[in-house]
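First comes the structure, then the notes that go with it.
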Amino acid sequence: MTWAGDHPIAPGAQKVDFVADEANEVTPLIQGFADLLNQVAGKGYAHWEVGGTQSVFGKSFAPFGLVEGKNFMEYDLVYLSHNLLFSGARNIDGRGFNSEANRPTNLQIPLARKGSN
């Protein structure tokens with residue numbers, strides 16, 4: 001995670017860039033997803049099975065828009081307020097966070113630390 005400066009959504013909000021530069025793995029949890037992966041991401045992988053984890057690090061993986069040799073990266077935001085962690089809400093038109101221009105401009109429902117009120 002790289003801190004990239006202030007985000008205008010709220011005082012104290014920060015732009016952050018998430019990069020999978022050590023590992024990136026996928027584990028299908030339902031048969032329908034495993035079947036889909038075998039259709040669209042079979043080349044270069046073992047047969048996808050429910051509960052079977054495979055590394056997509058440094059490989060092409062169409063479902064995530066990954067190309068061989070390029071790490072997954074998202075341009076996001078982080079905001080802490082009242083002991084809650086907010087990150088960017090997904091763009092309503094389906095665009096990913098794959099560029100500075102697509103960095104989120106709204107906050108999603110926050111995460112609370114377990115056991116805190």
Side-chain angles (χ1 to χ4, degrees):
M1 186 166 96
T2 303
W3 298 94
D6 294 336
H7 191 289
I9 190 77
Q14 293 290 305
K15 296 178 183 179
V16 293
D17 300 338
F18 295 105
V19 180
D21 59 357
E22 293 181 22
N24 197 356
E25 298 177 332
V26 174
T27 306
L29 300 178
I30 61 172
Q31 190 60 52
F33 188 52
D35 293 343
L36 174 70
L37 291 179
N38 283 314
Q39 292 175 18
V40 300
K43 185 178 180 184
Y45 296 96
H47 184 76
W48 291 97
E49 296 179 1
V50 173
T53 300
Q54 294 192 56
S55 173
V56 298
F57 185 70
K59 300 177 183 178
S60 292
F61 189 70
F64 291 178
L66 299 176
V67 295
E68 186 173 345
K70 187 173 180 185
N71 293 334
F72 170 82
M73 181 174 169
E74 281 194 332
Y75 297 79
D76 205 339
L77 71 94
V78 170
Y79 177 58
L80 296 171
S81 180
H82 299 91
N83 208 28
L84 299 171
L85 172 64
F86 297 82
S87 61
R90 293 290 166 189
N91 294 309
I92 59 171
D93 62 5
R95 287 175 293 133
F97 299 162
N98 60 343
S99 70
E100 181 65 37
N102 289 342
R103 190 182 296 277
T105 57
N106 293 294
L107 299 170
Q108 71 173 338
I109 296 169
L111 299 173
R113 188 171 290 190
K114 190 173 182 176
S116 68
N117 292 321

| request: Might you point out which heavy atoms bring Asp17 and Met73 nearest each other, and give the distance in Å? | output: CB-CE, 3.5 Å
| query | Is the closest side-chain donor-acceptor distance between Gln14 and Asp6 under 3.5 Å? | reply | yes
| Is the count of non-hydrogen atoms from other residues, nucleotides or ligands lying under 6.0 Å from Glu100 atom CD greater than 12? | yes
| Between Trp48 and Ala41, is there a donor-acceptor pair closer than 3.5 Å when you use the side chain of the first and the backbone of the second? | yes
| Closest heavy-atom contact between Leu107 and Leu77? | CD2-CD1, 3.1 Å
| Once you round to the nearest 0.5 Å, how far does NZ of Lys15 lie from OG1 of Thr2? | 13.5 Å
| note | Tightest non-hydrogen contact, residues Gly96 and Asn102, listed as O-CB, 3.1 Å
| Under 4.5 Å between side-chain heavy atoms, hopping through other hydrophobics if needed: is there a path connecting Phe33 to Val40? | yes
| query | Same cluster for Phe86 and Leu80 if Ile/Leu/Val/Met/Phe/Trp/Tyr side chains link at under 4.5 Å? | reply | no
| Side-chain (Asn91) to main-chain (Asp93) donor-acceptor, under 3.5 angstrom | no
| message | With heavy-atom distances below 4.5 Å as the criterion, would you say the side chains of Phe57 and Asn71 are in contact? | response | yes
| query | Going hydrophobic residue to hydrophobic residue with side-chain gaps under 4.5 angstrom, can you get from Ile30 over to Phe64? | reply | yes
| said: Test your reading of the model: is there a side-chain donor-acceptor pair from Asn24 to the backbone of Val56, 3.5 Å cut-off? | reply: no
| said: Between Lys43 and Glu68, does any side-chain N to carboxylate O distance fall below 4.0 Å? | reply: no
| query | How far apart are the closest heavy atoms of Tyr79 and Pro11, and which atoms are they? | reply | CE1-O, 3.3 Å
| message | Would you compute the distance between atom CD of Glu49 and atom CG of Asp35 and round it to the nearest 0.5 angstrom? | response | 10.5 Å
| query | Do you reckon Phe61 sits in the same ILVMFWY cluster as Phe18, going by side-chain contacts under 4.5 Å, direct or chained? | reply | no
| Minimal non-hydrogen separation, Pro110 against Leu84, with atom names | CB-CB, 3.8 Å
| task | Of all the heavy-atom pairs spanning Arg103 and Ala4, show the shortest one and how long it is. | result | NH2-CB, 4.3 Å
| Side-chain heavy atoms under 4.5 angstrom apart, residues restricted to Ile, Leu, Val, Met, Phe, Trp, Tyr: same cluster for Met1 and Leu85? | yes
| message | Quick one: does any side-chain atom of His7 pair with a main-chain N or O of Pro104 as donor and acceptor, under 3.5 Å? | response | yes
